[in-house]
2 protein chains.
Amino acid sequence: MRRMTARPANGHQARLLRLLRDGGPNSRAQLGDQVDLSRSKLAVEVDRLLETGLVVADGLAASRGGRRSHNIRLAPALRFLGVDIGATSVDVAVTNAELEVLGHINQPMDVREGPVAVFEQVLAMAAKLKASGLAEGFDGAGIGVPGPVRFPEGVPVAPPIMPGWDGFPVREALSQELGCPVMVDNDVNLMAMGEQHAGVARSVGDFLCVKIGTGIGCGIVVGGEVYRGTTGSAGDIGHIQAEPDGRPCACGNRGCLEAYFSGAALARDAEEAAREGRSAELATRLDETGRLSAVDVAAAAAAGDPTALDLIREGGNRTGQVIAGLVSFFNPGLVVIGGGVTGLGHTLLAAIRTQVYRQSLPLATGNLPIVLGELGPTAGVIGGARLISDHVFSPA
Amino acid sequence: MRRMTARPANGHQARLLRLLRDGGPNSRAQLGDQVDLSRSKLAVEVDRLLETGLVVADGLAASRGGRRSHNIRLAPALRFLGVDIGATSVDVAVTNAELEVLGHINQPMDVREGPVAVFEQVLAMAAKLKASGLAEGFDGAGIGVPGPVRFPEGVPVAPPIMPGWDGFPVREALSQELGCPVMVDNDVNLMAMGEQHAGVARSVGDFLCVKIGTGIGCGIVVGGEVYRGTTGSAGDIGHIQAEPDGRPCACGNRGCLEAYFSGAALARDAEEAAREGRSAELATRLDETGRLSAVDVAAAAAAGDPTALDLIREGGNRTGQVIAGLVSFFNPGLVVIGGGVTGLGHTLLAAIRTQVYRQSLPLATGNLPIVLGELGPTAGVIGGARLISDHVFSPA
DNA sequence: ATGACTTTCTCCAGTCACAGGACAAAGGGC
DNA sequence: GCCCTTTGTCCTGTGACTGGAGAAAGTCAT
């Protein structure tokens with residue numbers, strides 16, 4: 001079902017749509033306070049938006065001592081789809097025009113099965129959300145993939161952990177299937193946009209968002225805009241050298257951060273500790289095939305296992321060391337830590353903070369909060385919705 | 001002498017002024033091709049600029065098959081002052097409105113003497129340039145200082161190598177003295193702007209400009225604009241850790257890049273090598289007080305001294321290692337190496353390149369030029385002129 | 001030379017965006 | 001009921017801008 005969502009005709013209309021998205025329903029007068037247009041001009045633009053159906057006027061607000069105002073809000077039937085493709089699972093969510101999550105599904109999945117299989121699953125999940133009555137159709141979809149993307153075309157490039165995805169026209173293919181506009185970005189950038197829109201990074205112009213999951217990546221926001229770099233690989237910090245001539249890494253180099261810490265590295269180190277008998281706590285959590293996951297380590301740490309705590313601290317130190325360098329270089333106003341390992345919580349955060357505050361320049365760390373993301377797994381899907389809504393709410 | 005330079009009245013005029021600055025004299029028709037305005041509107045704006053005296057029409061260009069065009073150019077009497085304050089010397093230059101250097105003076109100086117003494121010297125140098133007939137007055141001045149700056153106010157903050165400068169109102173004081181608009185920025189950012197305007201970084205949107213002088217800093221350009229960070233300390237990469245638990249650094253930490261390489265570190269290591277008899281070549285260059293400078297090392301290296309070459313290679317390796325991390329993170333389209341040690345030339349560059357190409361991700365380095373700055377000591381002063389001209393050529 | 005064609009620049013009229021004031025609608029407080 | 005406030009609409013004047021007509025000043029081929 002093709003859905004021909006109207007698009008704003010000019011910058012003013014786009015501005016108004018975003019104000020309604022971010023600030024919720026508003027009266028004309030309230031909108032006028034934020035937009036530096038005369039009331040007459042504003043009324044004209046609002047009327048035009050009402051004609052297109054993108055916004056509706058429903059009901060009157062309570063009086064504030066004078067004539068009651070009309071509630072202007074985004075069309076309640078608008079729906080965005082946020083899709084966050086991880087290495088081992090997918091998140092799909094529907095939001096309304098205000099980017100509130102109405103329904104959210106998470107399913108295990110393996111990216112290595114290739115784009116065709118994965119998108120079959122994603123489309124099934126989207127259909128399920130639609131079938132449950134949450135949406136009649138989608139007005140746009142924002143997709144996050146775990147690797148670099150040529151952003152303008154929406155095509156993954158040379159993704160190390162995603163063989164078979166290189167050059168696959170994600171944007172075009174999904175736009176066809178879903179019958180709505182689609183934007184594709186790196187999953188880390190999506191998380192950054194999510195935390196910026198609805199999480200800890202509201203009202204911060206320049207910040208870093210470090211996502212520690214199967215790998216490690218970093219979303220870079222400059223002046224409120226995601227910075228993607230010349231070839232779309234900005235923020236790829238997993239293979240920054242943390243230790244000269246250190247451990248060998250899957251990428252072929254030595255001493256990469258990911259060789260020391262990431263969901264995968266943590267699980268591997270924990271398995272080794274368990275097998276070598278250094279932690280009874282971890283050993284009890286081994287599954288039939290002798291494997292552990294980051295979640296197991298988090299549980300063991302919560303239970304007070306010293307080996308697990310050490311592994312987390314050690315990883316946090318390495319990560320903090322790299323982040324310290326980035327903080328000196330980038331001088332952000334905030335550092336957000338997120339991703340699958342957020343469950344490691346305060347132990348991880350404390351280790352990272354210690355390193356950063358010790359190694360970065362006082363001027364850069366003086367007033368620098370380093371915090372956990374507050375949206376967890378919804379950061380990515382909200383970011384996806386945000387990405388596509390920015391596109392849909394821009395002049396045609 | 002107060003000089004009341006007119007300012008453009010709107011964005012169109014500002015745009016035209018910058019086109020004339022960057023592209024030199026142009027006819028109305030040529031301007032029209034670049035500015036997306038109707039010829040009539042363009043004519044109006046040009047006429048208004050002519051009235052203000054900011055631009056002049058002098059002479060007719062050769063015919064290109066039809067009516068000859070008028071040459072529209074920036075007023076030939078406009079003068080900008082570019083000032084680049086280093087740790088041990090000052091550069092002062094006058095440029096015309098097209099930012100061509102008309103006169104350039106370099107003098108030794110010690111920043112530690114404090115802002116009052118330094119600016120006395122700077123003003124004397126400016127007066128000298130004026131006396132030599134290069135300028136009747138200045139229409140703006142761009143100042144670079146070797147430390148972080150609160151950019152909007154033009155005030156240095158907590159400069160480690162500049163005690164006594166903290167909080168000194170450079171912009172206000174100099175604006176008073178010179179009687180013209182003044183802008184203040186980090187010297188590294190100025191160099192980046194210089195290379196962007198007239199050097200190797202023309203037409204590159206996102207790049208890094210590493211300046212290796214007494215210390216090490218890095219100018220960051222995002223989308224053609226200098227990025228300064230939340231507190232103005234972005235690009236301060238001298239104290240990024242290059243070696244965990246490495247050499248002690250003056251900043252109190254260990255293993256900082258500057259502890260291994262910079263003009264100062266290189267001179268120190270060379271002196272040590274000379275004293276320990278590891279290099280006869282270097283020993284012959286020791287001055288009366290047993291000191292060497294980076295220039296001596298460059299000369300020794302040029303003469304083929306293996307110890308000097310080793311020192312340079314070693315420093316280049318360390319620097320390259322740090323830059324490799326920044327390249328992975330920032331994914332620039334170009335890396336420029338500049339500053340006092342540019343004299344070390346190809347040996348240094350080769351070492352840096354080797355490290356970066358080996359350690360950064362292929363996607364980020366795939367088409368990444370790493371080159372020496374081509375402006376040398378004029379990069380900073382041109383950057384200063386560029387900085388202030390951007391300000392003067394913006395709507396009042 | 002002369003006419004045909006180009007290029008550059010100016011002038012003019014019409015259109016559109018927008019601001020700002022007058023005014024109507026709708027309510028609160030006394 | 002009266003006066004005040006807030007919200008929203010209508011209308012007109014102004015200034016920004018476009019596009020076309022045409023004048024000015026050339027080149028080039030014949």
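Naming: A, B, ... by sequence-line order, numbering from 1 per chain.
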Gap between atom CZ of Arg386(B) and atom OG1 of Thr95(B) - 0.5 Å precision: 12.0 Å
Quick one: do [X] and [Y] make a salt bridge, cutoff under 4.0 Å?
X        : Y         : answer
Arg28(A) : Asp47(A)  : yes
Arg7(B)  : Asp139(B) : no
Lys41(A) : Asp36(A)  : no
Arg48(A) : Glu51(A)  : no

Sugar-phosphate, base or nothing in reach of Lys41(B), heavy atoms under 4.0 Å: base
Distance-only donor-acceptor test, Ser40(B) side-chain atoms vs dG19(D) base atoms, 3.5 Å: yes
Counting side-chain heavy atoms from C-beta on, which of [options] comes nearest to [X]?
X        : options                  : result
Leu37(B) : dT27(D), dT8(C), dT18(D) : dT18(D)
Glu45(A) : dT7(D), dC9(C), dC18(C)  : dC18(C)
His70(B) : dC18(C), dC9(C), dA19(C) : dC9(C)

5' precedence on DNA chain C between Arg68(A) and His12(A) (nearest-nucleotide basis): His12(A)
5'-most by nearest nucleotide on DNA chain C - Arg67(B) or Ser38(A): Arg67(B)
Atom pair distance, as rounded to whole Å: [atom1] in [X] and [atom2] in [N]:
X        : N       : atom1 : atom2 : answer
Asn71(B) : dC9(C)  : CG    : P     : 9 Å
Leu31(B) : dC9(C)  : CG    : P     : 9 Å
Leu42(A) : dA17(C) : CG    : P     : 15 Å
Arg64(A) : dT7(D)  : CZ    : C1'   : 10 Å
Leu60(B) : dT8(C)  : CG    : P     : 13 Å

Residue-phosphate contact under 4.0 Å: Arg28(A) side-chain N/O, dT6(D) OP1/OP2: no
OP1 or OP2 of dT9(D) under 4.0 Å from side-chain N/O of Arg39(A): no
Pairwise 5' ranking along DNA chain D for Asp47(A) and Gly66(A), keeping only the more 5' one: Gly66(A)
Pairwise 5' ranking along DNA chain D for Ser27(A) and Gly65(A), keeping only the more 5' one: Gly65(A)
